[in-house]
Amino acid sequence: MFASTNEIYNVQDDILSLEKKHPHFFKNVEHVVSLTRQLQIHYQYLGELINGIDKVESQPPFIKDSVLQIYTEEVKKLLKMKMLIH
């Protein structure tokens, strides 16, 4: 999937707007994205969790269940915050 330059600029503007309007929520988004990167979890799995899809076959096989449970809880906290700002 490729994005046009305009799409990239639009996303960048949306991110800056989110940071200004909801700084606490934005910090939590950064936290979850950083956690995803540091645990070397595919962003597709994060996207599936955000969209309510938790397929066993999508779970990273190299991460202990206890660590994955903590990660999933962090994503759930983020989703609860999202519900509060809408």
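Computed from heavy atoms alone, side chains included, the values below leave out hydrogens, waters and symmetry copies.
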Decide yes or no on side chain to side chain contact (heavy atoms under 4.5 Å, CB included) for Ile41 and Leu46, but give the supporting numbers first. CA-CA 8 Å; Ile41 295 173; Leu46 172 61; 5.7 Å; no
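- With rounding to the nearest 0.5 Å, the separation of CD1 in Ile15 from CG in Asn10 is 11.0 Å.
- Listed by first and then second residue, the side-chain hydrogen bond (donor to acceptor under 3.5 Å, both in side chains) pairs involving residues 28-47 are His31-Glu74, Ser34-Gln38, Thr36-Tyr71, Gln44-Glu48, Tyr45-Asp54 (not counting sequence neighbours).
- Atom CG in Leu78 sits 12.0 Å away from atom CE in Met83 (nearest 0.5 Å).
- Taken to the nearest 0.5 Å, the NE2 atom of His24 stands 12.5 Å off from the NE2 atom of His22.
- Proximity of Leu79 to Ile50: side-chain heavy atoms (C-beta onward) are separated by under 4.5 Å at one or more points.
- Within the 4.5 Å cutoff, side-chain heavy atoms of Pro60 are placed close to those of Leu68.
- Contact check for Lys64 versus Gln69: no side-chain heavy atoms found under the 4.5 Å cut-off.
- Among residue pairs with one or both ends in residues 11-21, none qualify as side-chain hydrogen bond (donor to acceptor under 3.5 Å, both in side chains); sequence neighbours excluded.
- Between Leu18 and Phe26, the shortest heavy-atom contact is CD2-CD1, 4.1 Å.
- Residue Asp65 qualifies as open at atom CG: its count of foreign heavy atoms under 6.0 Å is 12 or below.
- Here the CD1-CD1 distance, from Ile63 to Ile70, works out to 11.0 Å after rounding to the nearest 0.5 Å.
- Neither Ile8 nor Val33 shares a network with the other; the hydrophobic side chains, linked directly or stepwise wherever heavy atoms of I, L, V, M, F, W or Y lie under 4.5 Å apart, form separate groups for each.
- When every heavy atom of Phe25 is checked against every heavy atom of Ile85, the shortest pair comes out as CD2-CD1, 3.8 Å.
- If you chain together hydrophobic residues whose side chains sit under 4.5 Å apart, Leu16 and Val29 never meet in one group.
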